Protein chains: 2
Amino acid sequence: MRTFVAVVDAGQFQDAAADLSITQQAVSKRIAGLEKDLAVRLFTRTARGARLTIDGQAFLPHARELLRVAERAVASVLPGSRPLRVDVIASRSAASGLMRAFHRAHPEIELDVVMLFDIETAVAAIRSGAIDASFRAVAVPGRPLPEDIESVRVLDEALQLLTGPAHALAGARSLTVAQLAGHRIWMPGIVPGTEWAAYYDDLVAEFGLTIEATGPNFGSDALLDTIADTPALATFMGEQTRLVWPADHGLRRIPVTDPTPVYPHALLWRRDNPHPGMATLRAHLAATAAGHDAAGTWAPGWVIPR
Amino acid sequence: MRTFVAVVDAGQFQDAAADLSITQQAVSKRIAGLEKDLAVRLFTRTARGARLTIDGQAFLPHARELLRVAERAVASVLPGSRPLRVDVIASRSAASGLMRAFHRAHPEIELDVVMLFDIETAVAAIRSGAIDASFRAVAVPGRPLPEDIESVRVLDEALQLLTGPAHALAGARSLTVAQLAGHRIWMPGIVPGTEWAAYYDDLVAEFGLTIEATGPNFGSDALLDTIADTPALATFMGEQTRLVWPADHGLRRIPVTDPTPVYPHALLWRRDNPHPGMATLRAHLAATAAGHDAAGTWAPGWVIPR
DNA sequence: TTAATGCACAACTTGGGGTTGTGTGCTTTC
DNA sequence: GAAAGCACACAACCCCAAGTTGTGCATTAA
């Protein structure tokens with residue numbers, strides 16, 4: 001591809017060869033090989049150089065795009081000036097939504113999103129500089145954040161109950177936490193040791209709910225499928241989670257009150273992080289930060305305070 | 001890259017090797033080579049397979065994107081189901097604008113834009129199936145379009161006079177063609193034998209203008225530079241042409257009337273072109289087609305009729 | 001005609017990238 | 001806690017892809 005673009009830019013094989021520091025014959029072979037692989041003639045050879053065929057013209061922008069993508073790929077792991085690297089807790093989480101919004105607002109800032117296992121890994125990665133920031137809800141209970149890590153709450157996400165159409169509570173417009181007692185709430189795929197597990201453990205302990213965190217995670221589709229078809233099962237879902245649901249099998253999202261359980265998202269970063277994108281990200285989040293009033297909401301005691 | 005993604009998808013080197021029909025050692029070598037080139041560790045090797053490092057996670061979406069782009073590149077020259085391939089007369093022409101608008105309206109339709117030398121090449125390419133459609137203004141004078149080529153006028157683009165701030169006509173809000181007589185109009189880079197050359201030849205013959213089509217084309221920047229600085233020179237420019245002009249050196253765009261010279265853009269395509277995108281393109285253009293009223297405009301006699 | 005230019009073909013060489021064979025470290029199992 | 005199993009790395013070898021040099025052919029310019 002690089003050779004193809006070099007020939008286009010140079011206008012002839014010989015100059016492209018000089019640019020690439022190889023012989024004209026090598027360029028000729030490379031182009032011939034590419035043409036053979038594609039089963040298409042890319043250049044018309046003339047006595048004054050090489051001109052693109054129609055197929056070559058159509059191919060050219062794709063070739064340039066490929067080189068651009070390759071360059072970005074290399075840059076993504078290049079120490080020094082790599083893209084802003086942010087950890088989110090799950091690809092469907094509200095944090096992902098925040099980062100998508102940030103990307104829309106600042107498309108000029110290169111961005112890579114990763115997902116780390118737990119808060120300890122995230123803090124270690126932030127301190128080592130492997131990532132620039134992390135969206136998390138919590139400090140490790142009993143172990144405060146290190147001195148060099150800053151944090152700020154950026155979003156409180158209310159949990160809603162998700163039920164199928166045949167569920168006993170499907171008709172409710174709103175539910176109190178007390179009304180959930182005795183109903184089976186299914187949260188598969190929650191890995192023990194993560195902050196999600198801790199969150200739901202606290203929720204159960206506080207309000208006496210029945211949460212079944214067992215079972216492997218067969219993916220969000222399977223979960224929604226089961227919820228839709230099983231009258232005895234419901235699940236929790238963040239209010240910002242967008243359902244990708246081909247045929248909406250009558251799923252109901254029901255707000256929960258008295259109190260509203262909220263999942264707090266906070267941004268963590270190293271105080272002396274030099275990445276130029278960090279300031280922009282923090283400013284963006286500060287400008288768009290929204291949370292429920294603390295009154296009437298519930299969150300575990302060990303989350304990062306406002 | 002393919003191997004990297006295969007390992008990620010398989011979760012371990014051995015299964016990826018099976019997927020790729022090579023040995024585990026070859027996969028190990030490829031990944032080691034990639035890691036060496038990038039000077040970064042992409043996987044942590046465990047006794048149960050390979051897990052992505054943070055760098056690997058950041059790299060992954062770029063790798064997938066690269067494979068997608070590569071696939072699209074190959075598809076762009078694949079006979080059978082390749083992207084819709086449309087010829088435009090210049091990258092700054094109104095036809096390019098129309099295709100950009102079409103792409104915005106129908107981003108799902110893969111599109112490649114090429115630029116052919118003249119109408120004869122374009123017609124031959126349409127007939128052979130090398131391209132699907134072409135934006136042109138004209139039939140070759142004296143030689144009507146072949147039976148199997150259809151055409152429809154889609155846009156009449158009025159020409160405007162472009163002058164620098166010191167030009168004698170710079171203050172005019174509008175000009176008649178008669179007022180242009182005696183002023184030097186400079187149109188560099190027009191290649192003899194093209195329909196542009198024929199257009200301006202006719203314009204000169206009809207109204208006795210002074211058009212200098214000589215001189216090589218040093219690019220639009222150089223042209224605008226000269227126009228801005230030379231009081232004795234002006235040039236024609238399509239009303240839809242967007243100037244990319246860092247500091248607007250006081251350039252003036254002046255409408256021309258009595259009559260308004262318009263450059264008609266027509267779409268040509270083969271009657272039996274089977275590409276599914278063609279119907280969409282024609283429908284889109286039919287819906288957005290706009291032209292000046294024929295009254296008060298001028299175009300050469302040999303253009304494609306409305 | 002002659003010279004110059006520019007790409008293709010042929011013969012040769014080399015090292016990247018594949019193979020087989022083996023070693024090492026971590027899990028799992030009883 | 002020894003043994004078996006699994007998964008990846010290293011070493012040696014082998015071969016062809018991809019480079020090189022040398023040359024030929026077609027087109028253009030003088």
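Chain letters run A, B, ... following the sequence lines, proteins first and then strands; every chain starts at 1. Keep in mind it's a predicted model, so treat the numbers as computed, not measured.
- Only B:Ile22, B:Thr23, B:Gln25, B:Ala26, listed by number, bring a heavy atom of residues 7-27 of chain B to less than 4.0 angstrom from any atom of DNA chain C.
- When the P atom of C:dT29 is taken as reference, atom CZ of B:Arg48 falls 11 Å away, rounded to whole Å.
- Residue A:Phe13 comes nearest to A:Gln24 through the heavy atom pair CB-CG, 4.4 Å, listed as atom of the first residue, atom of the second, then distance.
- Shown here for B:Glu35 and B:Leu42, the closest heavy-atom pair between the two residues is OE2-N, 2.8 Å.
- In this structure, A:Asp9 pairs ionically with A:Arg64, as a charged nitrogen and a carboxylate oxygen lie closer than 4.0 Å.
- For the pair B:Arg2 CZ and C:dG18 P, the interatomic distance rounds to 13 Å; values are reported in whole Å.
- In this structure, B:Ser28 reaches the D:dA9 phosphate: one of its side-chain N or O atoms is under 4.0 Å from OP1 or OP2.
- Between A:Ser76 and A:Pro83, the shortest heavy-atom contact is CA-CD, 3.6 Å.
- Against DNA chain D, the stretch residues 31-44 of chain A makes no heavy-atom approach under 4.0 Å.
- Contact annotation: B:Arg30 side-chain N/O to C:dG16 OP1/OP2 distance is not under 4.0 Å.
- The pair A:Asp132-A:Arg82 meets the salt-bridge criterion, since a charged nitrogen lies less than 4.0 angstrom from a carboxylate oxygen.
- B:Asp112 and B:Arg72 are not joined by a salt bridge, as no carboxylate oxygen comes within less than 4.0 angstrom of a charged side-chain nitrogen.
- Nearest heavy-atom pair across A:Val123 and A:Leu145 is CG2-CD2, 4.0 Å.
- Between C:dT24 and B:Arg45, no contact under 4.0 Å exists linking OP1 or OP2 to a side-chain N or O.
- Salt bridge A:Arg68/A:Glu65: present, at least one basic N to carboxylate O contact under 4.0 Å.
- To the nearest angstrom, P of D:dA11 lies 11 Å from NZ of B:Lys29.
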